[in-house]
There are 2 protein chains.
Amino acid sequence: MGENRAVAVKTELDPGIAGRLKRNEDGLVAAIVREHGSGDVLMLAWMDDEALHRTLTTGRATYWSRSRQEYWVKGATSGHHQYVRSVALDCDGDALLVTVEQVGAACHTGERTCFFDELPVVTP
Amino acid sequence: MGENRAVAVKTELDPGIAGRLKRNEDGLVAAIVREHGSGDVLMLAWMDDEALHRTLTTGRATYWSRSRQEYWVKGATSGHHQYVRSVALDCDGDALLVTVEQVGAACHTGERTCFFDELPVVTP
């Protein structure tokens with residue numbers, strides 16, 4: 001677990017917002033990303049306080065990469081930018097819903113969304 | 001962390017699906033729940049293998065409650081049932097997108113969705 005812990009970065013996130021966050025043991029909250037217009041869910045990523053601060057103040061979706069252990073401005077290397085339209089926090093403070101204008105594919109595989117692997121469901 | 005670990009339950013989840021899951025340290029994957037029809041994102045919950053198995057085979061959204069440490073068939077106590085229309089796994093196997101017919105409010109606060117706390121975003 002320790003290797004996934006977010007680096008403690010001095011952040012200017014509004015204390016009124018920071019006080020409502022319920023972070024996991026790595027200091028992160030889940031960020032559900034959906035596309036403005038279509039409403040399609042594109043991906044799930046993670047934010048620490050500073051990533052949320054950057055997202056809210058720059059309008060560019062910024063995450064904490066658990067694999068690379070660094071901040072990650074979506075599209076910075078791929079060109080698949082996410083321009084933020086709105087951000088909402090959930091009732092218990094551990095998940096965000098980020099609505100974006102998505103340029104190109106959201107998924108690193110080149111698919112439009114990360115949720116392309118449909119599982120079989122038996123409906124009653 | 002230990003107190004949040006999912007109980008090891010014998011599960012009949014299809015091994016072909018189980019092999020694609022990338023569980024967190026508590027044995028869970030995130031489940032993003034959206035409403036069929038509107039496409040609105042309703043809530044974020046968590047599933048272990050058995051919760052996913054029950055969801056896929058009963059068509060009733062079933063989660064692992066981290067706070068209560070038990071399986072939780074959505075609506076069993078509230079009447080706010082979720083009838084599953086589809087389930088998709090994401091590209092790296094650690095998140096599910098569950099599309100449901102939602103009866104009543106999805107949120108325990110009585111709101112239709114859990115994401116009602118809009119944060120201020122400065123757009124470029």
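In what follows, chains are A, B, ... by sequence order, proteins preceding strands, each numbered from 1. We use all heavy atoms of the structure for the numbers below, so side chains are in, but hydrogens, waters and symmetry mates are not.
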Next on the checklist: Quick check for you: among A:Ile32, A:Asp14, A:Leu44, which has the greatest number of heavy-atom pairs under 4.5 Å with chain B?
Outcome noted: A:Ile32
Checklist entry - Who wins among A:Asp40, A:Val41, A:Thr55 for the most heavy-atom pairs under 4.5 Å with chain B? => result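 Between A:Asp40, A:Val41, A:Thr55, the count favours A:Val41.
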Next on the checklist: Looking at chain A, which one of B:Asn24, B:Leu96, B:Thr113, B:Thr109 has the largest number of heavy-atom pairs inside 4.5 Å, strictly under?
Outcome noted: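 Max contact count across the listed options: B:Leu96.
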Answer whether the closest heavy-atom distance between the side chains of [X] and [Y] falls below 4.5 Å.
X: B:Cys91; Y: A:Glu111; result: no
X: B:Val122; Y: A:Leu56; result: no
X: A:Arg85; Y: B:Val121; result: no

Could you measure the distance from the [atom1] atom of [X] to the [atom2] atom of [Y]? Nearest 0.5 Å is fine.
X: B:Arg34; Y: A:Arg34; atom1: CZ; atom2: CZ; result: 11.0 Å
X: A:Leu89; Y: B:Glu118; atom1: CG; atom2: CD; result: 10.0 Å
X: B:Cys107; Y: A:Asp92; atom1: SG; atom2: CG; result: 8.0 Å

Item to check | Derivation of the side-chain contact (heavy atoms from CB on, under 4.5 Å) call for A:Asp117 and B:Asp90 | outcome: CA-CA 6 Å; A:Asp117 183 5; B:Asp90 80 344; over 6 Å; no
Using the rule that Ile, Leu, Val, Met, Phe, Trp and Tyr join whenever any side-chain heavy atoms are under 4.5 Å apart, tell me whether [X] and [Y] fall into a single cluster.
X: A:Val73; Y: A:Leu52; result: no
X: A:Val87; Y: A:Met43; result: yes
X: B:Phe115; Y: B:Leu97; result: yes

Next on the checklist: Can you tell me which portion of A:Ile17 sits under 4.5 Å from chain B's heavy atoms? Options are side chain, backbone, both or neither.
Outcome noted: side chain
Item to check | chain A contact via B:Ser38 - side chain, backbone, both or neither, heavy atoms under 4.5 Å | outcome: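 Neither; nothing under 4.5 Å.
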Checklist entry - Should the pair B:Arg66-A:Asp94 be classified as a salt bridge under the 4.0 Å nitrogen-to-oxygen rule? => result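 A salt bridge links B:Arg66 with A:Asp94.
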